[in-house]
Amino acid sequence: MKICFVVAMQAEAQPFIDRFGVAEEKDFFAPLPCRLYRANVNGSELDVVLNGQQHGSDLVGCEAACVATMAAIQRLQPDLIINSGTCGAFRKNGAEIGDVYLSNAVMFHDRRVPGDDAWGTQALGNYPVFDRAAEIAQALGYKMGKVTTGSSLDLQPCDAQIIEENKGELKDMEGAAVAFVCSLYQIPVLLIKSVTDLCDSGAETYEEFSRNLAMASRAVAEANARVIQYLM
Ligand code: SAH
């Protein structure tokens with residue numbers, strides 16, 4: 001099985017890249033800023049695609065995730081896309097910093113589009129996720145949760161309301177965008193997320209995120225490695 005990881009930040013991917021000793025193929029996606037790292041694991045190709053940088057910082061968010069995912073699918077033709085990274089979660093659901101979750105669903109939480117049901121459905125997204133996610137989570141002992149995606153790191157009341165109404169558990173900035181592109185190409189997508197911050201902890205999110213980014217990135221690298229071993 002040819003697996004392609006799509007990851008937003010270099011810091012999130014680095015422990016994983018180091019672990020597999022994958023090498024960068026420079027300018028593979030030029031003129032796009034996306035970066036390709038490639039390795040051979042158990043005789044199968046393993047690709048890691050990063051969003052890349054603009055304005056001197058790693059590109060996060062939905063637009064960059066769509067570009068990276070579309071470029072990855074078109075150029076690499078993977079059997080499975082895995083969006084791995086970090087997320088916020090909720091203490092009230094029993095989440096703790098550093099927990100690793102696999103997605104059982106994914107949608108947007110910040111797209112408020114008036115109109116009929118069809119517009120509401122499009123706005124929320126609710127894309128399919130890899131049908132073996134529950135099996136993998138059970139086999140490897142990971143939690144499962146619904147990822148909701150928006151374009152901001154902070155949590156505004158209107159977003160909180162949509163997350164609550166839809167029973168969202170993990171808050172990120174790329175998952176639904178990656179899943180949207182995968183839904184168009186009918187390529188299965190799995191999300192592996194580690195918790196950097198608790199949205200209901202009262203802490204300042206950016207401060208909590210920054211403090212826990214390295215630890216959560218190591219946790220997600222470990223999970224990625226175990227999922228690869230399980231699947232490949
Ligand atoms: N300025 C930050 C930018 C990171 S944005 C920095 O210095 O690194 C946060 C990234 O982590 C996004 O890619 C997003 O997917 C994820 N993330 C972690 N916690 C999040 C939260 N509470 N809400 C939304 N995204 C979160």
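Numbering of ligands and ligand atoms starts at 1, following listing order.
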S.K.: Would you mind reporting whether Asn126 and Thr121 have side-chain heavy atoms less than 4.5 Å apart?
M.R.: no

S.K.: Identify the heavy atoms of Lys193 and Gly175 that sit nearest to each other, and give their distance.
M.R.: NZ-N, 4.3 Å

S.K.: Which residues pass the side-chain contact (heavy atoms from CB on, under 4.5 Å) test with Leu184, not counting sequence neighbours?
M.R.: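 Counting only residues at least two positions away or on another chain, Leu184 forms a side-chain contact (heavy atoms from CB on, under 4.5 Å) with Phe180.
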
S.K.: Mark up the atoms of ligand 1 that fall under 4.0 Å of a heavy atom belonging to Thr196, in ascending order.
M.R.: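 Contacts of ligand 1 toward Thr196, numbered from 1: 18 (C), 19 (N).
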
S.K.: Distance under 4.0 Å to a non-hydrogen atom of Thr86: what atoms of ligand 1 satisfy this?
M.R.: 11 (O), 15 (O), 16 (C), 17 (N), 18 (C)

S.K.: Quick one: look up the protein heavy atom nearest atom 3 (C) of ligand 1 and list residue, atom name and how far away it is.
M.R.: Phe209 CE2, 4.3 Å

S.K.: Short list, please: which atoms of ligand 1 are under 4.0 Å from a heavy atom of Glu174?
M.R.: 12 (C), 13 (O), 14 (C), 15 (O)

S.K.: Consider every N or O of Met9 and every N or O of ligand 1, then say whether any pair is closer than 3.5 Å.
M.R.: no

S.K.: Answer yes or no: does an N/O atom from Ser210 fall short of 3.5 Å to an N/O atom of ligand 1?
M.R.: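 It does not: no N or O of Ser210 is found under 3.5 Å from an N or O of ligand 1.
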
S.K.: Answer yes when Glu164 and Lys92 have at least one side-chain N-carboxylate O distance shorter than 4.0 Å, and no when they do not.
M.R.: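 The answer is yes: the pair qualifies as a salt bridge.
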
S.K.: Counting heavy atoms only, which of Lys171, His109, Glu208 is nearest atom 24 (C) of ligand 1?
M.R.: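 Closest candidate by heavy-atom distance is Lys171.
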
S.K.: Closest non-hydrogen protein atom to atom 5 (S) of ligand 1, residue and atom name please, with distance?
M.R.: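 Result for atom 5 (S) of ligand 1: Met173 SD, 3.9 Å.
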
S.K.: Side-chain contact test, heavy atoms from C-beta onward, threshold under 4.5 Å: evaluate it for Met107 versus Ile162 and give yes or no.
M.R.: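 They are in contact (side-chain heavy atoms under 4.5 Å apart), so the answer is yes.
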
S.K.: Any N or O of Asp197 that comes nearer than 3.5 Å to an N or O of ligand 1?
M.R.: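 Such a contact does occur with ligand 1.
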
S.K.: Check ligand 1 against Cys87 and write out every atom of the ligand that is under 4.0 Å from a heavy-atom position of the residue.
M.R.: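 Heavy-atom distances to Cys87 below 4.0 Å select 17 (N), 18 (C), 19 (N), 20 (C).
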
S.K.: Within the 4.0 Å heavy-atom shell around Val60, which atoms of ligand 1 are there?
M.R.: 13 (O)

S.K.: Suppose we measure from atom 7 (O) of ligand 1 to each protein heavy atom; which comes out shortest, and what is that distance?
M.R.: Tyr206 OH, 3.3 Å

S.K.: Does Gly61, backbone or side chain, put an N or O under 3.5 Å from an N or O of ligand 1?
M.R.: no

S.K.: In plain terms, say whether Glu222 and Arg218 are close enough for a salt bridge, that is, a side-chain N and a carboxylate O under 4.0 Å apart.
M.R.: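 Between Arg218 and Glu222 there is no salt bridge, as every charged N stays at least 4.0 Å from the carboxylate O atoms.
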
S.K.: Taking all non-hydrogen atoms of both residues into account, name the closest pair between Thr205 and Asp197 and its distance.
M.R.: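 Smallest heavy-atom distance, with atoms named: CG2-OD2, 3.6 Å.
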
S.K.: Identify the two heavy atoms, one from Asn51 and one from Val60, that lie closest to each other, and give their separation to 0.1 Å.
M.R.: ND2-CA, 4.5 Å

S.K.: How close do Met9 and Leu50 get, counting heavy atoms only, and between which atoms?
M.R.: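 The answer is O-CD2, 4.4 Å.
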
